[in-house]
*Asks:* 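Could you have a look at this structure, given as structure tokens, before my questions?
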Amino acid sequence: MKISKNEVENIAHLARLKLDDLQKEKMAEQLSHILQYVDKLKDINVESVKPSSGAAFMNNVLRDDQLQESPGPGVTLANAPERDEDFYIVPKTIK
Amino acid sequence: MELHELNISSVRQLLLKREITSFDLTQVLLQRIEKFDGKIGAFITIDKERALEQAKKADEDIANNNISVLTGIPIALKDLLCTKGIKTTCGSKILDNFIPQYDGTVVSKLKKNGAVIIGKTNLDEFAMGSSTENSSYQITRNPWNKDHVPGGSSGGSAAAVTAGFCCAALGSDTGGSIRQPASHCSVVGLKPTYGRVSRFGLVSYGSSLDQIGPITKDVKDAALLMNVISGNDKMDSTSAKIDVPDFSRAFDQFEKNSLKGMTAGIPKEYLSVEGIDPDVEKVFNEAKKSLESLGVTIREISLPHTDYVVAAYYIIAPCEASSNLARFDGVKYGFRDRSTDDLIEMYKKTKSKGFGPEVQRRIMIGTFALSAGYYDAYYGRASQVRTLIMEDFSRAFETCDFILSPVAPTPAFKIGENIDDPLTMYLTDIFTLSANMAGIPGISVPAGYSAKGLPIGIQMMAKRFDEMTLLRAGYGFEQTIKLGVRCEL
């Protein structure tokens, strides 16, 4: 499959990436190249084959709720680039 | 042999006989890193003070006869493993200032067993790459020939072990990232069965593919580290509730029975892969003969979907990556771009400035393959092909105990040779990707050298949770071929 510059723009928005014009062109070229190779998957008959999402044991891992001490916001927020006490700060979302 | 060349077992003996102290050993290694790592670039962070503190503590423990499996042994960690209080960058600028508030499970286990954490090693950014050229910090050079890559993504760990900067290291393997650099650097690399080792505290790349494993100077050391890091963990629900054997027992068996009665399968599809280097072929054929001399029966097997492995992998891994890496949004940790007051713009600028080109490429492929209208044709189909690949292996293991193959089609390539051609780089992963797709264990053992003196390893893969067979066969092979060449820095 070939990917156009417009499509790259759309995917980049979904992925929350910001590419300049030159990067978009290079990305379109490289993605097209990779996807053209990947298109060989279409040659296999996969009718009635179940998909595998992984190789883990496919059983549920359950346990009863347990009361445990929380590390607290001092620890969980320690790496936040911007915070106000126990809160993350992000740019204003409602305008 | 000099101190920095010794494996874990020999160092342990010297420590227990009080012939050396962990403090002196750690200092010798730190001095060696200081002297030579400028040319190699194996480490992102060297934790000198803390390492010496841990070494001092280990010496006290030894004096008090309070001795664990790894007491006083200096070990390096791929910088994708969270270490409490020590910067963990994942080779990315986006985590340049990230200091984990906890230790990953394998790190706690190493510490509990007395290991000295000497530093954090370089890698392709977020483990995406096969050459360690995609690190945002530095490239790592192959200690055997500094014009060549060490392989990747655990290239820093493999280079550090082969250069004698540590006794052993941990890496992670999503598509060959332990086995391939081990092969390129002439050290042993083991990717355990998916679920054998807890992934808690390993920064996620492809969650259904990632496994942590040892990179060591020999097979016995790999077993020793496997004994420490394996086991179910309540912090990782995909870690298997299955008994962990004493892996060092693999070698008792060897001394008694050699490898008689074992069958190795060679996939006929692997031999017709395009672009296999003649030196790799030569070393592989010699390895085959060595195993035969140990009593192993070699037979041809078939993995019919081999030709589709790279295509399926390079959809599935980027899909998982695009989802996993969404968390680096400039809010919870790491770098944030502050040039805008719009939230979406902040996300976009943060990611594009923070991530390198290969990471952005994989996020783009994954986002595309999971997007409305393309999901079924790409992610859905690749997951179905994954089932077919898994079935190939189940069938193959009905007629052999392990599968024998090269690790990579060529010895380590030159720095810069493949950097502008992502697809060519992806295609070099052909022999290692399947083990991750099928969740089975694989080991890379040094097997020889190319005409130009670059190391070449062989790979063995076994049934799920049968690392024992790999260790046993790997050890037998290692003992038979006895590679004596030293790596001079």
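Chain naming here is simple, since letters A, B, ... match the order of the sequence lines and numbering starts at 1 in each. The figures here come from the full heavy-atom set of this structure, side chains too, leaving out hydrogens, waters and symmetry mates.
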*Asks:* Indicate yes or no: at least one non-hydrogen side-chain atom of B/Leu202 is less than 4.5 angstrom from one of B/Asp210.
*Replies:*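 They are in contact (side-chain heavy atoms under 4.5 Å apart), so the answer is yes.
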*Asks:* Contact part of B/Met346 toward chain A, heavy-atom cut-off under 4.5 Å: side chain, backbone, both or neither?
*Replies:*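 Only the side chain of B/Met346 comes within 4.5 Å of chain A.
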*Asks:* For B/Ser92 and B/Glu125, test the side chains for any donor-to-acceptor distance below 3.5 angstrom and give the result as yes or no.
*Replies:*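 Side chains of B/Ser92 and B/Glu125: pair found under 3.5 Å.
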*Asks:* In terms of heavy-atom proximity below 4.5 Å to chain A, should B/Ile99 be classed as side chain, backbone, both, or neither?
*Replies:*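 Its backbone and side chain both get close to chain A.
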*Asks:* Heavy-atom cut-off 4.5 Å, strictly under: side chain, backbone, both or neither for A/Lys92 against chain B?
*Replies:*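 Backbone only.
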*Asks:* Examine whether an atom of A/Lys42 lies under 4.5 Å from a heavy atom of chain B, and if so say whether it belongs to the side chain, the backbone or both; otherwise answer neither.
*Replies:*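 A/Lys42 touches chain B through backbone and side-chain heavy atoms alike.
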*Asks:* Just give me the residue among B/Gly195, B/Pro422, B/Gly366 that pairs up with chain A most often, heavy atom to heavy atom, under 4.5 Å.
*Replies:*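 Greatest number of close heavy-atom pairs with chain A: B/Pro422.
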*Asks:* State yes or no: are the ring centers of B/Phe328 and B/Phe126 separated by less than 6.0 Å?
*Replies:*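 Centroid distance B/Phe328-B/Phe126: below 6.0 Å, so yes.
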*Asks:* Against chain B, label A/Leu31 side chain, backbone, both or neither, depending on which of its atoms sit under 4.5 Å from a heavy atom there.
*Replies:*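 Side chain only.
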*Asks:* What part of B/Ala312 gets within 4.5 angstrom of chain A, counting heavy atoms only: side chain, backbone, both, or neither?
*Replies:*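 Contact with chain A is through both the backbone and side chain of B/Ala312.
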*Asks:* Just wondering, do A/Leu19 and A/Met27 contact through their side chains at under 4.5 Å, heavy atoms?
*Replies:*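 A/Met27 vs A/Leu19: side chains touch.
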*Asks:* Measuring heavy-atom distances to chain B, does A/Glu7 have an atom under 4.5 Å in its side chain, in its backbone, in both, or in neither?
*Replies:*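 Contact with chain B: side chain only.
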*Asks:* Mind ranking B/Ile363, B/Val331, B/Asp342 by heavy-atom pairs under 4.5 Å with chain A and telling me who comes out on top?
*Replies:*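 Top count of heavy-atom pairs under 4.5 Å with chain A: B/Val331.
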*Asks:* Of the backbone (N, CA, C, O) and the side chain (C-beta and beyond), which part of B/Asp307 lies under 4.5 Å from a heavy atom of chain A, both, or neither?
*Replies:*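 Backbone plus side chain of B/Asp307, per the 4.5 Å heavy-atom cut-off to chain A.
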*Asks:* Go through the atoms of B/Glu320 and report whether side chain, backbone, both or neither lie under 4.5 Å from a heavy atom of chain A.
*Replies:*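 Interface part for B/Glu320: side chain.
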*Asks:* Under 4.5 Å heavy-atom distance to chain A, tell me which part of B/Asp420 shows up: side chain, backbone, both or neither.
*Replies:*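 Its backbone and side chain both get close to chain A.
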*Asks:* With chain A, which of B/Met437, B/Glu345, B/Lys332, B/Gln101 has the greatest number of heavy-atom pairs at distances under 4.5 Å?
*Replies:*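 Maximum pair count with chain A is reached by B/Lys332.
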*Asks:* Please tell me whether B/Tyr102 and B/Phe200 form a close aromatic pair, meaning their ring centres lie under 6.0 Å apart.
*Replies:*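 Ring centres of B/Phe200 and B/Tyr102 closer than 6.0 Å.
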*Asks:* Between B/Lys84 and B/Asp103, does any NZ, NE, NH1 or NH2 come within less than 4.0 Å of an OD or OE carboxylate oxygen?
*Replies:*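 Here B/Asp103 does not pair with B/Lys84 in a salt bridge, since their nearest N and O are not under 4.0 Å apart.
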*Asks:* Given the rule in the side-chain contact (heavy atoms from CB on, under 4.5 Å) test, do B/Ser339 and B/Lys349 qualify, once you have shown the distances and angles that lead to the verdict?
*Replies:* CA-CA 8 Å; B/Ser339 67; B/Lys349 287 184 165 173; 3.4 Å; yes
*Asks:* Chain A heavy atoms under 4.5 Å from B/Leu427: which part of the residue, side chain, backbone, both or neither?
*Replies:*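 Just the side chain, heavy atoms under 4.5 Å.
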*Asks:* Most heavy-atom pairs under 4.5 angstrom with chain B, which of A/Val8, A/Val49, A/Val61?
*Replies:*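 Among A/Val8, A/Val49, A/Val61, the one with the most close pairs to chain B is A/Val49.
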*Asks:* Most heavy-atom pairs under 4.5 angstrom with chain A, which of B/Tyr378, B/Phe355, B/Tyr347?
*Replies:*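 Among B/Tyr378, B/Phe355, B/Tyr347, the one with the most close pairs to chain A is B/Tyr378.
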*Asks:* Highest number of heavy-atom pairs under 4.5 Å with chain A: which of B/Thr340, B/Ile344, B/Thr367, B/Leu325?
*Replies:*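 Heavy-atom pairs under 4.5 Å are most numerous for B/Thr367.
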*Asks:* Looking at A/Ile3, A/Val75, A/Ile11, which makes the most heavy-atom pairs under 4.5 Å with chain B?
*Replies:*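 Answer, by heavy-atom pair count under 4.5 Å with chain B: A/Ile11.
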*Asks:* Taking side chain as everything from C-beta outward and backbone as N, CA, C, O, which of these in B/Ala369 sits under 4.5 Å from a heavy atom of chain A? Side chain, backbone, both or neither.
*Replies:*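 Neither the backbone nor the side chain of B/Ala369 comes within 4.5 Å of chain A.
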*Asks:* Which answer fits A/Leu77, side chain, backbone, both or neither, if we ask what part of it has an atom under 4.5 Å from a heavy atom of chain B?
*Replies:*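 Neither part.
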*Asks:* Under 4.0 Å between a Lys/Arg side-chain N and an Asp/Glu carboxylate O for A/Lys5 and A/Glu9?
*Replies:*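 Salt bridge absent between A/Lys5 and A/Glu9.
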*Asks:* Do B/Phe368 and A/Met1 make a side-chain contact, defined as non-hydrogen atoms from C-beta onward lying under 4.5 Å apart?
*Replies:*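 Of all side-chain heavy-atom pairs linking A/Met1 with B/Phe368, at least one is under 4.5 Å.
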*Asks:* Tell me, for A/Asn10 versus chain B, whether the close heavy atoms (under 4.5 Å) come from the side chain, the backbone, both or neither.
*Replies:*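 It is neither, since no heavy atom gets under 4.5 Å.
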*Asks:* Please examine the side chains of B/Asn436 and B/Asp173, heavy atoms only from C-beta on, and report whether any two atoms are closer than 4.5 Å.
*Replies:*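 Heavy-atom side-chain distance check passes, below 4.5 Å.
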*Asks:* Using heavy-atom distances under 4.5 Å, tell me whether B/Tyr374 contacts chain A through its side chain, its backbone, both, or neither.
*Replies:*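 Answer is side chain: those atoms of B/Tyr374 sit under 4.5 Å from chain A.
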*Asks:* Any chance the side chains of B/Thr424 and B/Asn418 put a donor and an acceptor closer than 3.5 Å?
*Replies:*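 Short answer, no.
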*Asks:* Any Lys/Arg nitrogen of A/Glu29 or A/Lys26 sitting under 4.0 Å from an Asp/Glu carboxylate oxygen of the other?
*Replies:*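 Salt bridge between A/Glu29 and A/Lys26, a charged N being under 4.0 Å from a carboxylate O: no.
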*Asks:* Check the angle between the aromatic planes of B/Phe98 and B/Tyr333 and answer parallel, tilted or perpendicular using the 30° and 60° thresholds.
*Replies:*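 The arrangement is perpendicular - the two ring planes meet at more than 60°.
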*Asks:* Closest approach of B/Phe335 and B/Lys93, non-hydrogen atoms and distance?
*Replies:*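 It is CB-O, 4.0 Å.
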*Asks:* What residue in B/Ser208, B/Pro100, B/Gly439 has the most heavy-atom pairs under 4.5 Å with chain A?
*Replies:*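 Top count of heavy-atom pairs under 4.5 Å with chain A: B/Ser208.
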*Asks:* Would you mind checking which part of B/Ser371 comes under 4.5 Å of any heavy atom in chain A, side chain (CB onward), backbone (N, CA, C, O), both or neither?
*Replies:*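 Interface part for B/Ser371: side chain.
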*Asks:* Between the side chains of B/Lys351 and B/Asp329, is the shortest nitrogen-to-carboxylate-oxygen separation below 4.0 Å, so that they form an ion pair?
*Replies:*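 No.
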*Asks:* For the interface with chain B, which of A/Leu17, A/Val38, A/Asp39, A/Ile89 has the highest count of heavy-atom pairs at distances below 4.5 Å?
*Replies:*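 The option with the most such pairs is A/Leu17.
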